[in-house]
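From a predicted model like this one, the values you see are computed outputs, not experimental measurements. Naming: A, B, ... by sequence-line order, numbering from 1 per chain.
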Amino acid sequence: MTEPSRYRPQEIERHWQRQWQDQKLTATPEEGDGEPFYALSMFPYPSGSLHMGHVRNYVITDVVARVQRLRGRRVLHPMGWDAFGLPAENAAIERGVDPASWTDSNIAAMRQQLDQLGLSIDWERELTTCHSDYYRWTQWLFLQFLEAGLAYQKDATVNWDPIDQTVLANEQVDGEGRSWRSGALVEKRKLRQWFLSITSYAQQLLDDLRLLDGWPERVRTMQANWIGRSTGAELQFTVVDAAGHDTAERITVFTTRADTLFGASYVVLAPEHPLVESLTSPEQQQPVVAFCDLVARQSEQERTAEDRPKRGVPIGARVRNPANGELIPLWIADYVLADYGTGAVMGVPAHDERDFQFARQYDLPVRQVILPDGVIEQSVEAGAWTEAGVLVHSGPFDGLSSVEAKQAITAAAEAGGWGREKVQFRLRDWLISRQRYWGCPIPVIHCDRCGVVPVPAEQLPVELPRDVAFSGKGASPLAQLENWVNVSCPCCGAPARRETDTMDTFMCSSWYYLRYSDARNRELPFSREAVDHWLPVDQYVGGIEHAILHLLYSRFFTKVLRDRGLLGFDEPFSRLLTQGMVQGITYRNPETGKYIAPADVADPSDPRDPVTGEPLDTFFEKMSKSKYNGVDPAAVIERYGADTARMFILFKAPPEKDLEWDDADVEGQFRFLQRLWRLVDAAAERGLSLSHGAGTDPSVADALAIAAADGGLSTAERELRLAVHTAITAISEDLDGDYQFNTAVSELMKLSNAMAAHLEGSRPVFACEALRTLLILLAPFAPHLAEELWLRLEGRQPEDPLATGSIHVQRWPSADPGALVRDTVPLVIQIKGKVRGNLEVPADADKATLEKLALESEIAERWLEGKAPSRVIVVPGKLVNLVP
RNA sequence: GGGGGUAUGGCGGAAUCGGUAGACGCAGCGCACUUAAAAUGCGCAGGCGGCAACGCUGUGGGGGUUCAAGUCCCCCUACCCCCACCA
């Protein structure tokens with residue numbers, strides 16, 4: 001008897017990873033049978049080290065890719081690097097390293113860690129956004145936007161990050177007014193900036209959310225809210241002079257409550273409104289200027305405070321209410337946003353909370369024009385009535401409902417030339433300018449004579465200059481490179497200046513999924529043929545943090561490129577899976593607030609501060625360095641192997657939920673893989689091999705026929721086949737679109753448990769069917785172990801011509817309905833809806849038989865006490881409910 | 001303030017169209033193996049009562065529909081996420 005072998009993942013994983021690469025098992029089949037399938041993970045920023053969030057993301061996508069391969073699809077499963085961005089530049093500033101080399105060495109380090117996970121990635125299509133063979137096409141695409149009139153420059157009040165010395169998009173500023181990267185309090189500045197006109201596509205981006213039924217509802221709702229469509233009216237208030245005579249100037253306000261127009265007691269502009277300066281009266285000059293300064297200096301924190309007061313000043317002008325001719329004052333206030341609607345609103349204190357507060361503050365009149373339906377009188381002392389109702393004090397519109405009045409007043413405005421219906425979006429145009437070095441240069445040249453001139457396509461890429469000095473202060477390093485900045489105009493040849501802004505890195509990531517379809521194309525970013533062949537992405541996997549920005553921008557790109565004829569589909573990602581985050585066990589001293597590393601906690605069942613001995617709070621939280629709760633993937637792989645890490649991550653929680661990393665559970669997962677190893681090893685020892693049921697051996701079908709003629713299957717065989725084919729059915733369902741990897745893994749465990757019980761009592765052909773099936777079902781989850789056991793079970797030398805080859809080129813099994821059929825099934829007996837027992841009944845019994853069996857059962861006798869039930873419900877295959 | 005989501009044993013989580021709640025695993029307990037421990041194997045396990053058969057109870061709380069509710073409807077509570085002075 002030979003010594004049983006032991007499962008040593010470290011010995012087999014590296015071996016198979018090399019084999020798969022050498023045999024090009026993960027190469028993308030451009031041609032051949034099978035429909036294309038595109039599995040994509042959100043590509044990482046090359047920070048230099050892989051964290052558990054990455055691991056979870058890529059393992060999920062890898063399982064999807066591997067399952068689809070086994071099902072005969074031609075799979076594209078690529079990977080790349082979102083490689084522009086601030087950390088590289090910060091490293092340059094702090095340590096004087098070259099951002100390009102820093103990034104490349106990080107990529108090399110992460111690539112090595114990725115390889116240890118056994119991911120079936122086609123590295124032939126790897127792309128790196130900071131390499132010029134990629135970003136030349138980012139520039140090329142920018143020029144497409146420019147040509148389409150969708151890229152433009154304008155002066156804008158921008159978010160200025162005083163630490164990173166750069167402009168941030170609204171989306172990169174958090175709720176407290178801090179930079180998403182540096183954490184600095186953001187200030188305001190006015191600069192000439194490049195924008196992409198995403199608002200031109202607002203309606204389409206909203207409408208087409210309906211097409212995305214493979215996306216989580218949550219993400220679709222978030223995008224819809226972000227786009228924020230609202231229907232209302234633009235109404236014009238005529239500015240009057242000191243004597244009350246109309247001037248030519250008009251103030252246009254946007255409102256969703258045209259029905260409240262007669263209740264307007266003032267009109268208020270954003271402090272940044274362009275007409276503020278010209279309309280301010282001489283007397284009000286000083287307070288208005290002072291107020292605008294105050295607002296400009298106001299920190300984001302002050303402006304977003306919970307109970308922020310509304311402040312404003314009158315500018316000394318009046319406007320005429322177009323509905324009733326009344327003259328009302330013009331104010332400016334900090335609660336009016338300059339970049340939404342028209343930057344001006346009518347103040348209706350009786351029917352808007354904010355206006356009400358403002359009116360209270362400055363003693364402005366509160367005029368009630370809407371009463372709740374059926375109410376004759378209502379006090380306006382307590383607050384604004386903001387619901388719909390019936391109009392009063394509104395001249396000809398009295399008695400109309402809010403809904404009717406909105407239409408009627410808007411129609412009157414249109415007829416009278418003082419307003420119109422208006423659809424307003426919350427979505428703002430996308431500010432893409434960054435005053436940074438480490439980004440994709442915007443390929444335009446500024447010429448005094450010709451204006452903005454695009455760099456001719458044949459001159460792309462505009463390469464980022466190397467050997468740049470980084471001071472970390474002031475303007476972008478690019479602006480200081482005279483040789484680079486000064487060029488001649490491509491149009492007229494006169495001296496001109498390069499644009500020194502680079503693009504928001506979201507530009508680079510808005511089209512990378514297209515490039516993978518044709519990653520080595522030197523003529524175009526991608527050919528129409530390749531992109532239409534592989535896209536849309538069948539399954540996209542990534543973090544929920546990209547629910548709005550990256551996914552919205554990518555959808556926008558796709559629609560613009562479709563309209564330019566570069567591709568032939570409407571949406572880039574058919575299905576989206578947003579995986580939950582990975583949390584680590586976290587200890588905190590509730591007295592001091594200090595976080596304690598798990599390694600310093602002596603007894604996890606009674607965690608105490610290693611210094612003070614105080615008891616600690618224990619909880620799970622997103623892994624982060626500052627909380628010492630991170631788990632290093634490399635350490636886990638070294639100890640347990642990639643297969644255990646993969647299985648654990650998939651089993652521990654459903655993919656979209658947060659996952660609590662627990663060492664004890666990892667240990668348990670490792671034990672399961674060891675059990676599988678022993679199970680197959682013992683089978684091989686007994687002489688079982690994949691040759692049973694294959695080649696000249698009778699097939700499973702033959703064996704079933706032989707057995708049928710010879711007294712049928714043994715109990716063990718029936719149980720075994722039932723378990724095998726139940727597992728096939730269940731796991732196939734779990735992996736069919738709505739991914740439930742956790743239950744799929746548990747089905748593998750059930751199958752393995754059943755095999756441990758029934759393998760020995762079964763004939764080799766059936767035992768072998770079970771082993772073969774188990775390994776193929778396991779292969780997407782634990783690819784190395786499955787491959788190794790597959791080889792051992794072949795019972796042949798690898799060079800033998802009959803060898804069946806890699807497990808990863810096998811076909812996914814299909815369930816044999818015959819194996820799922822049972823002679824008898826348990827029937828639940830309920831009395832008045834309560835379960836009172838079980839009855840083993842023939843599986844094919846009809847309703848009448850089931851009723852008869854139930855009524856004759858001991859259970860019925862005992863609970864009905866001889867009385868006939870008043871009602872009997874029979875659910876074949878499930879239960880009989882007897883109601884006395 | 002608006003929108004979305006979640007709530008099931010000690011823990012992570014299962015449960016198709018309303019049909020045996022707690023699959024699978026972790027932790028725990030018992031037994032076997034061992035000089036012992038580890039490892040491994042077998043078994044127990046929602047709660048309460050009972051020696052047991054068994055009974056009662058049980059999916060955040062309250063009501064409802066139904067022969068039957070974790071699942072459907074109404075109300076409430078707690079927590080999480082996104083947006084937020086968007087007129």
Side-chain angles (χ1 to χ4, degrees), chain A residues 4 6 175 216-226 228-230 232-233 253-257 260 268 270 303-306 308-310 333-337 339-348 351-355 357-358 386 424-428 544-545 547-548 580 605 620 647-648 651-654 656-669 671-672 674-675 678 730 733 740 742-753 756 826-838 862 869-884:
Chain A
R6 277 197 57 197
E217 190 56 45
R218 181 154 87 107
V219 175
R220 290 200 281 174
T221 311
M222 278 164 68
Q223 291 216 350
N225 291 342
W226 187 262
R229 184 185 198 270
S230 55
V253 304
F254 173 73
T255 180
T256 54
R257 292 300 302 275
T260 64
V268 57
R303 279 193 289 123
T304 55
E306 274 294 316
R308 68 214 113 164
K310 298 185 185 356
D334 57 358
Y335 77 96
V336 179
L337 304 174
D339 57 352
Y340 180 74
T342 60
V345 295
M346 59 182 195
V348 187
H351 304 293
D352 182 280
E353 289 292 353
R354 297 152 302 186
D355 297 344
Q357 279 182 39
F358 192 71
T386 59
Q424 185 64 48
F425 292 96
R426 214 193 66 110
L427 183 69
R428 269 46 159 203
I544 186 73
E545 67 273 19
I548 297 174
S605 64
F620 282 91
M647 293 281 281
F648 166 75
F651 177 64
K652 175 80 181 175
E656 68 283 356
K657 286 189 74 170
D658 288 346
L659 184 151
E660 297 175 354
W661 189 277
D662 181 341
D663 289 336
D665 285 342
V666 179
E667 192 76 44
Q669 201 62 51
R671 282 203 298 267
F672 172 61
Q674 288 175 304
R675 249 188 335 266
R678 284 194 299 270
E733 263 175 40
Q740 296 176 280
N742 54 330
T743 48
V745 173
S746 78
E747 290 297 331
L748 284 172
M749 292 171 169
K750 282 190 219 174
L751 175 56
S752 136
N753 289 344
L827 181 76
V828 170
I829 308 295
Q830 294 184 338
I831 307 295
K832 203 166 174 273
K834 271 190 189 293
V835 177
R836 294 299 180 189
N838 273 305
R862 178 166 161 211
S870 63
R871 199 168 165 189
V872 181
I873 291 104
V874 183
V875 185
K878 288 250 157 71
L879 55 81
V880 174
N881 188 8
L882 305 173
V883 186

Presence of donor-acceptor pair under 3.5 Å, side chain of [X] and base of [N]:
{"X": "A:D665", "N": "B:rC26", "result": "no"}
{"X": "A:K832", "N": "B:rC67", "result": "no"}
{"X": "A:E217", "N": "B:rG4", "result": "no"}

- Determine, using ring centers only, whether A:W661 and A:F648 are less than 6.0 Å apart.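 Yes, they do, as the ring centres are separated by less than 6.0 Å.
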
At under 4.0 Å between heavy atoms, what does [X] touch on the DNA or RNA strands: base, sugar-phosphate, or nothing?
{"X": "A:E545", "result": "nothing"}
{"X": "A:D662", "result": "nothing"}
{"X": "A:R426", "result": "base"}
{"X": "A:P826", "result": "base"}
{"X": "A:R229", "result": "nothing"}
{"X": "A:F651", "result": "base"}
{"X": "A:V828", "result": "base"}

With both distances kept under 3.5 Å, what pairs with [N], Watson-Crick or G-U wobble?
{"N": "B:rG12", "value": "B:rC24"}
{"N": "B:rG70", "value": "none"}
{"N": "B:rU40", "value": "B:rA32"}
{"N": "B:rC48", "value": "B:rG55"}
{"N": "B:rU6", "value": "B:rA78"}
{"N": "B:rG1", "value": "B:rC83"}

Which nucleotide in the set [options] lies at the smallest distance from any side-chain heavy atom of [X]?
{"X": "A:V336", "options": "B:rG13, B:rA87, B:rG25", "value": "B:rA87"}
{"X": "A:T221", "options": "B:rC67, B:rG3, B:rC26", "value": "B:rG3"}
{"X": "A:L879", "options": "B:rG12, B:rC85, B:rG19", "value": "B:rG19"}

- Please walk me through it: do A:D665 and A:K652 pass salt bridge (Lys or Arg N to Asp or Glu O under 4.0 Å)? CA-CA 8 Å; A:D665 285 342; A:K652 175 80 181 175; 2.2 Å; yes

- Query: Does B:rC17 adopt a syn or an anti glycosidic conformation, taking syn as a chi angle within 90° of 0?
  - Reply: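 Because its glycosidic torsion lies within 90° of 0, B:rC17 adopts the syn conformation.
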
- What's the base orientation of B:rG9: syn (chi within 90° of 0) or anti? syn

Would you mind reading off the distance between [X] atom [atom1] and [N] atom [atom2], rounded to a whole angstrom?
{"X": "A:Q830", "N": "B:rC67", "atom1": "CD", "atom2": "P", "answer": "13 Å"}
{"X": "A:E733", "N": "B:rA15", "atom1": "CD", "atom2": "P", "answer": "11 Å"}
{"X": "A:L751", "N": "B:rG25", "atom1": "CG", "atom2": "P", "answer": "12 Å"}

Would you measure the distance from the [atom1] atom in [N] across to the matching atom in [M] and give it in whole Å?
{"N": "B:rA53", "M": "B:rU34", "atom1": "C1'", "result": "38 Å"}
{"N": "B:rA45", "M": "B:rC29", "atom1": "C1'", "result": "8 Å"}
{"N": "B:rG18", "M": "B:rC74", "atom1": "P", "result": "16 Å"}
{"N": "B:rU6", "M": "B:rA21", "atom1": "P", "result": "24 Å"}
{"N": "B:rG10", "M": "B:rC85", "atom1": "P", "result": "43 Å"}
{"N": "B:rG46", "M": "B:rU40", "atom1": "C1'", "result": "29 Å"}
{"N": "B:rG22", "M": "B:rA7", "atom1": "C1'", "result": "16 Å"}

- Has the side chain of A:R218 got a donor or acceptor atom that lies under 3.5 Å from a matching backbone atom of A:A547?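 Judged by distance alone, no pair lies under 3.5 Å.
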
- Salt-bridge criterion met for A:R428 and A:D339 (N-O under 4.0 Å):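 Looking at A:R428 and A:D339, the cut-off is met.
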
Looking only at side-chain N and O atoms, does [X] come under 4.0 Å of OP1 or OP2 in [N]?
{"X": "A:K657", "N": "B:rG13", "result": "yes"}
{"X": "A:T743", "N": "B:rG13", "result": "no"}
{"X": "A:R836", "N": "B:rC56", "result": "yes"}
{"X": "A:Y335", "N": "B:rA87", "result": "no"}
{"X": "A:R671", "N": "B:rA27", "result": "yes"}
{"X": "A:R218", "N": "B:rG3", "result": "no"}
{"X": "A:K834", "N": "B:rU57", "result": "yes"}
{"X": "A:N742", "N": "B:rA14", "result": "yes"}

